[in-house]
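One structure below.
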Amino acid sequence: MRVILLGPPGAGKGTQAASISTEVGIPHISTGEMFRAALKNGTPLGLEAKKYMDSGELVPDDVVVGMVNERIQQPDCSDGFLLDGFPRTIVQAQKLGETMEETGLKLDLVINLQCSDKTVVARLSGRRVCKSCGAIYHVENMPPKQDGVCDKCGGELYQRDDDKADTILNRLEVYRNSTEALIDYYRQKDLLKDVDANAQREETLKAMLALIKK
Ligand code: AMP
């Protein structure tokens, strides 16, 4: 099963993808997480990406496309994958389509998580992420058992720089200008299903799993 999760930042793509990946047994590929890991390791890719991530801008298409092309051809992706945060532009979607065609892979489903701006701002400003394993929490909706400490690995939780108020608004704008067009792009290909992501996390997950297991 090869699935793309679309939706604005804060719609819950990362949180839901982690649950779906465990339930269905396909890898969760988050381009944002790949960049954050590269930055943590001080690689040239991470340092290049940081220039864009800090202000909520998009990393150039060729950088992201190359990274994803390599990742989806790794052995753990042979039964499928769940893409979170990619594609984010029409060019990225076209390049992904070309790679999949060349390698004989088929995209099965694109889930569009629909979410209001109010929900997005509330989710992003309260989001906390584990420095070690990338697990996602929310100070009110999904708090860790111990303040500031990851339940899964004991790592330190932090607030992403791009989850701060002024960057959130820019990320929403970038989403509108560059990414939202993908909804029509995939709808026209008859691959898109909408899911209400303003609902409780469990309810949204149930709706997503129903589509994936269909
Ligand atoms: P995310 O964790 O998906 O919210 O991504 C964090 C940041 O990483 C974004 O704001 C972008 O700067 C960068 N990024 C992640 N995925 C992509 C992508 N597909 N294209 C361009 N930039 C990306």
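Just so you know, these numbers come straight off a predicted model, no measurement behind them. As the structure lists them, so they are numbered: ligands from 1, and atoms in each ligand from 1.
The closest side-chain heavy-atom distance from V149 to P144 is not below 4.5 Å. For the pair I168/N170, no side-chain contact is recorded, criterion being any heavy-atom separation below 4.5 Å from C-beta on. Under the 4.5 Å side-chain criterion, counting only non-hydrogen atoms from C-beta, N112 is not in contact with K193.
Annotation: side-chain hydrogen bond (donor to acceptor under 3.5 Å, both in side chains) contacts involving residues 65-82, sequence neighbours excluded, comprise N69-T99, R71-Q74, R71-D76.
Residues with a heavy atom under 4.0 Å from ligand 1: T31, G32, F35, R36, M53, E57, L58, V59, V64, G85, F86, R88, Q92, R160, D162, R171.
With a 6.0 Å radius and a threshold of 12 heavy atoms from other residues, nucleotides or ligands, K206 has its NZ atom at or below the threshold. Atom CG of N41 is surrounded by more than 12 heavy atoms from other residues, nucleotides or ligands within 6.0 Å.
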